[in-house]
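I have placed the structure first, in the form of structure tokens, so that the comments after it can refer back to it.
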Amino acid sequence: MSETDPRRWKALIFIALAQLMVVLDATIVNIALPSAQQDLGISDGNRQWVITAYALAFGGLLLFGGRIADLWGRKRTFVTGLIGFAAASALGGAATGEAMMLGARALQGVFGALLAPAALSLLAVMFTDAKERAKAFGIYGAIAGGGGAVGLILGGFLTEYLNWRWTFFVNIPFAIIAALGAYFVIREPAGARNRSPLDIPGVILSTLGLVALVYGFTRAESAGWSDSLTIGMFVGSAVLLAAFVFTEARVKSPLLPLRVLTERNRGGVYLSLGLAIIAMFGLFLFLTYYLQIVKGFSPVKTGFAFLPMIVGMITGSTQIGARLMTRVPPRLLMGPGFVVAAVGMLLLTQLEIDTSYAGLILPAQLLLGLGMGTAFMPAMSLATHGVEPRDSGVASAMVNTSQQVGGAIGTALLNTIAASATTAYIADHAAGATNPAAQKLVQAQAMVEGYTSAIWWAVGILAAAAAIAFTLITTGAQSGSSAASGDSEGAEGVADEVRIPVVAH
């Protein structure tokens with residue numbers, strides 16, 4: 001590894017700014033969607049495609065984007081992704097109809113899939129000292145985690161006081177500043193590229209398999225799990241991904257070397273993080289609905305209501321995870337972190353129509369943020385455990401892919417559970433509601449019943465994430481200038497390969 005880059009802390013600013021833009025975009029667009037749908041004449045049936053078009057392109061192309069970063073150079077891929085994302089955002093803001101909007105969202109997903117793995121790889125190869133790395137990724141993780149709530153607040157302000165088009169245009173200055181900063185400040189270390197020929201069959205099979213999987217879960221949410229096309233998507237995804245694994249085991253230069261997946265600690269990180277994202281996506285969804293529909297909060301007030309979780313996440317990430325990850329084994333931070341988050345989630349199973357925000361929701365959010373922030377830091381330091389630098393882009397993309405798929409699963413699975421519980425509650429109690437006021441009360445109680453039923457599942461999912469972290473992750477504390485590794489292959493590169501999750505829809 002080359003000498004420490006003196007401009008690495010400046011580089012962190014621009015890389016974190018780019019990550020903030022991607023995270024902001026997810027929540028901002030959700031808030032702007034009702035206004036955009038009305039202006040552009042998008043039908044209720046096609047409304048979901050404004051979200052789905054982005055998710056499919058982003059989730060389907062992440063592995064390809066990571067491999068391009070390894071092959072083409074991380075800095076070049078990063079800047080290209082930023083410029084493309086800005087152009088796609090301009091197209092979305094200027095959209096005059098449904099087709100133009102959906103095309104812009106798909107393009108945002110394509111360039112996001114280039115941008116995300118390149119950003120993480122760059123940060124990893126620039127911070128080589130264990131203590132500096134912990135601090136850098138603590139800051140980066142706090143920004144990435146907090147971006148969702150900032151997006152809710154900013155999206156609320158832009159939609160209420162300007163109009164929905166500004167929720168797209170706001171990405172442009174972020175992207176331009178980050179691209180210019182990256183171009184002039186970032187210096188990518190030499191010798192870390194993977195110049196092997198591109199695995200075209202692997203690209204096709206992985207992209208189609210992941211798109212089918214993400215679309216299957218997205219469709220299940222609206223059409224049901226027994227829908228023939230939903231089932232067909234899951235079957236097709238299983239066949240395509242099995243063929244992808246079969247291909248990767250046999251080609252000379254695979255898109256995703258199977259050694260990236262099969263090492264015990266990496267496998268534990270991918271599984272536990274994927275599960276944690278399933279639980280967290282469900283929480284954001286239900287708490288947003290609860291605050292706006294049941295409690296009557298405005299979009300701006302809802303955004304501010306999420307701030308305790310962000311404070312907890314920043315504290316857990318920078319003050320607990322970053323300080324302790326060089327001193328204690330990762331499982332002793334990850335396991336307890338997921339348990340603390342599960343306790344916070346458990347509090348939210350007690351939601352009622354008249355629940356006090358300060359008495360229940362605020363402490364629950366603090367526990368969730370503290371737990372997740374503490375767990376994410378050491379988890380990301382292991383996300384490419386033992387991977388050679390030339391594989392770092394695609395290994396980073398694997399982390400993002402597990403999160404993207406986790407988000408799709410969380411949204412579909414927990415939404416379905418909530419909808420079933422709500423329907424059952426209405427069926428049991430509708431007969432007793434004889435006037436409009438009583439009917440309205442039953443509807444509200446049914447919604448809360450649905451949310452709490454789904455949140456119970458989220459508690460179980462977080463408990464499973466904790467169990468996996470305690471069981472599978474066996475490596476020691478990441479101390480000194482090189483991280484401990486249980487993988488003999490490329491162990492010297494472990495210190496450089498650290499990741500923070502992309503929280504994106």
Side-chain angles (χ1 to χ4, degrees), residues 27 30-31 33-35 37-38 43-45 47-48 51 152 156 159-160 217-227 230 278-306 308-309 342-365 368 409-462:
T27 45
N30 282 333
I31 285 179
L33 184 53
S35 303
Q37 179 188 359
Q38 189 174 359
S43 68
D44 284 347
R47 170 179 62 188
Q48 63 154 341
I51 306 299
L152 289 169
T159 305
E160 284 184 32
F217 278 108
T218 304
R219 185 171 174 82
E221 185 186 346
S222 57
W225 296 91
S226 58
D227 175 71
T230 302
I278 289 174
M280 290 301 286
F281 260 66
L283 174 78
F284 269 111
L285 188 72
F286 298 131
L287 210 48
T288 301
Y289 285 152
Y290 174 81
L291 291 171
Q292 288 197 27
I293 297 173
V294 178
K295 304 295 276 187
F297 284 22
S298 69
V300 173
K301 190 176 179 182
T302 301
F304 280 110
F306 276 103
M309 188 187 299
V343 172
M345 197 75 83
L346 190 63
L347 287 179
L348 291 173
T349 62
Q350 305 306 307
L351 280 179
E352 302 284 352
I353 290 176
D354 57 352
T355 291
S356 159
Y357 174 82
L360 183 82
I361 298 170
L362 189 150
Q365 286 198 54
L368 274 159
I409 294 170
T411 304
L413 177 66
L414 297 178
N415 233 6
T416 304
I417 292 165
S420 299
T422 296
T423 303
Y425 187 93
I426 290 173
D428 289 344
H429 296 82
T434 55
N435 59 66
Q439 289 167 0
K440 189 175 180 182
L441 182 62
V442 167
Q443 286 281 355
Q445 287 173 331
M447 288 174 68
V448 174
E449 178 71 19
Y451 302 155
T452 54
S453 298
I455 290 170
W456 270 112
W457 278 78
V459 172
I461 291 167
L462 279 173

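- Shown here for Gly450 and Ala421, the closest heavy-atom pair between the two residues is CA-CB, 3.8 Å.
- Contact check for Val448 versus Thr355: no side-chain heavy atoms found under the 4.5 Å cut-off.
- Heavy atoms only, all atoms of each residue included: Thr422 and Ala446 are closest at OG1-O, 3.0 Å.
- From Leu441, atom CG reaches atom CG of Asn435 across 9.5 Å, with rounding to the nearest 0.5 Å.
- A heavy-atom distance below 4.5 Å is found between the side chains of Tyr357 and Gln365.
- Taking both residues in full, the closest heavy atoms of Ala418 and Ala454 are given as CB-CB, 4.1 Å, listed atom of the first, atom of the second, then distance.
- Scanning for side-chain hydrogen bond (donor to acceptor under 3.5 Å, both in side chains) contacts around Gln445 gives Tyr425, with sequence neighbours left out.
- No donor-acceptor distance shorter than 3.5 angstrom exists from the side chain of Thr349 to the backbone of Thr452, with no hydrogens or angles considered.
- Pro363 and Gly359 make their closest contact through CG-O, 3.5 Å (heavy atoms, listed as atom of the first residue, atom of the second, distance).
- In this structure, CD1 on Ile353 lies 11.0 Å from CD on Glu449, to the nearest 0.5 angstrom.
- Leu413 has its side chain out of reach of Phe217: every pair of non-hydrogen atoms, C-beta onward, lies at least 4.5 Å apart.
- To the nearest 0.5 Å, the span separating CE on Met280 from CG on Leu287 amounts to 10.0 Å.
- The salt bridge (Lys or Arg N to Asp or Glu O under 4.0 Å) check on Asp227 picks up Arg219, with sequence neighbours excluded.
- In this structure, the separation between CD1 on Ile455 and CD1 on Ile461 is 11.5 Å, given to the nearest 0.5 Å.
- The nearest pair of heavy atoms linking Ala223 to Thr230 is CB-OG1, 4.5 Å.
- Ile426 is listed as a side-chain neighbour of Gln443, based on a closest heavy-atom distance under 4.5 Å.
- With hydrogens and angles ignored, the 3.5 Å screen pairs no side-chain donor or acceptor of Lys301 with any backbone N or O of Gly296.
- Between Ala305 and Leu291, the shortest heavy-atom distance links the atoms CB-CD1, 3.8 Å.
- Residues Ile417 and Trp456 fail the side-chain proximity criterion, which asks for heavy atoms closer than 4.5 Å.
- In terms of the ring-ring contact (aromatic ring centres under 6.0 Å, His included) criterion, residue partners of Tyr451 (sequence neighbours excluded) are, by chain and number, Phe286.
- Contact annotation: the side chain of Leu368 approaches that of Leu348 to within less than 4.5 Å [non-hydrogen atoms, C-beta and beyond].
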